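What follows is one structure encoded as structure tokens, with my remarks underneath.
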Amino acid sequence: MAKRKRVYVTPVSVTLLALALAGMFVLGFFVGKSMSGGHKVDRSILLVNETHPLSRDYVPENLVNLYEKRHSFRLSRSDIYLTYDTYLAAQQMFAAAESANMNGYTITSGYRSYERQAEVYAESKPGYAQKPGCSEHQTGRCFDVTVENVGGFETTPQYDWLRLNAHKYGFIQRYPANKSGITGISYEPWHYRYVGVDAATYITAHDLTLEEYLGK
Ligand SMILES: [Zn+2]
């Protein structure tokens with residue numbers, strides 16, 4: 001009898017077990033989703049700061065001279081370089097700005113080598129420049145932008161447009177006013193960093209710094 005009973009009970013047990021496992025999976029999926037907002041942190045993003053310096057010989061791949069590329073922005077010099085991906089995203093962003101009648105953006109700085117940063121550091125007053133290796137500009141994935149002949153970039157409609165739209169093109173304002181305690185760098189309204197659209201959208205929506213996003 002016992003043997004026959006087991007034959008009839010087993011398929012029911014298997015079905016119940018399968019249902020329980022499916023239920024746990026679905027529950028886990030929704031709990032996980034609500035905790036992370038459905039976003040997977042992009043660990044490939046390069047973090048550079050005082051405690052995460054780049055080596056002396058770090059030079060990003062695929063640097064391009066913006067002056068030699070089609071560009072919907074102005075340049076303060078003819079020798080400003082960014083990585084190709086960063087350039088493409090910046091070009092798309094400033095072309096969109098132009099379509100929205102936001103003009104006059106001038107990029108004043110991009111990639112800076114370790115050696116150049118060492119010169120900048122040596123020429124600056126203490127606390128005004130990053131040590132060589134500690135500048136994000138060595139990544140080639142950020143730029144400084146302004147509008148010529150204005151007192152402060154942060155007072156312009158061009159600044160407001162960037163704050164609202166930069167994430168759609170993969171850029172974040174890297175050094176916000178209220179986050180200097182975390183970034184170690186005081187407010188830089190002109191400095192934008194390329195991290196990709198997904199990460200930029202998440203970072204902007206949650207008012208994070210790159211340090212907070214990467215948990216470092
Ligand atoms: Zn900068």
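When a ligand or atom number is given, it counts from 1 through the structure's own listing order. Computed from a predicted structure; not experimentally measured.
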* Within E136, is some N, O or S atom less than 2.8 Å away from the Zn ion (ligand 1)? ->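 So E136 does not bind the Zn ion (ligand 1) by this criterion.
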* Quick check: does C142 have an N/O/S atom under 2.8 Å of the Zn ion (ligand 1)? ->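 No - counting backbone and side chain alike, C142 has no N, O or S atom under 2.8 Å.
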In [X], the N, O or S atom nearest to the Zn ion (ligand 1) is which?
X	result
H191	ND1
D144	OD1
H137	NE2

* **L162 side chain reached by Y105 side chain, heavy atoms, under 4.5 Å** =>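 Yes; the side chains approach each other to less than 4.5 Å.
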If we ignore angles and hydrogens, is there a donor and acceptor under 3.5 Å between the side chains of [X] and [Y]?
X	Y	result
D57	S55	yes
H191	E136	yes
Q91	S72	yes

* Asked: Partners of F73 by ring pair (Phe, Tyr, Trp, His ring centres under 6.0 Å), sequence neighbours excluded?
  ->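 In terms of ring pair (Phe, Tyr, Trp, His ring centres under 6.0 Å), with neighbours along the sequence ignored, F73 is linked to H71, F94.
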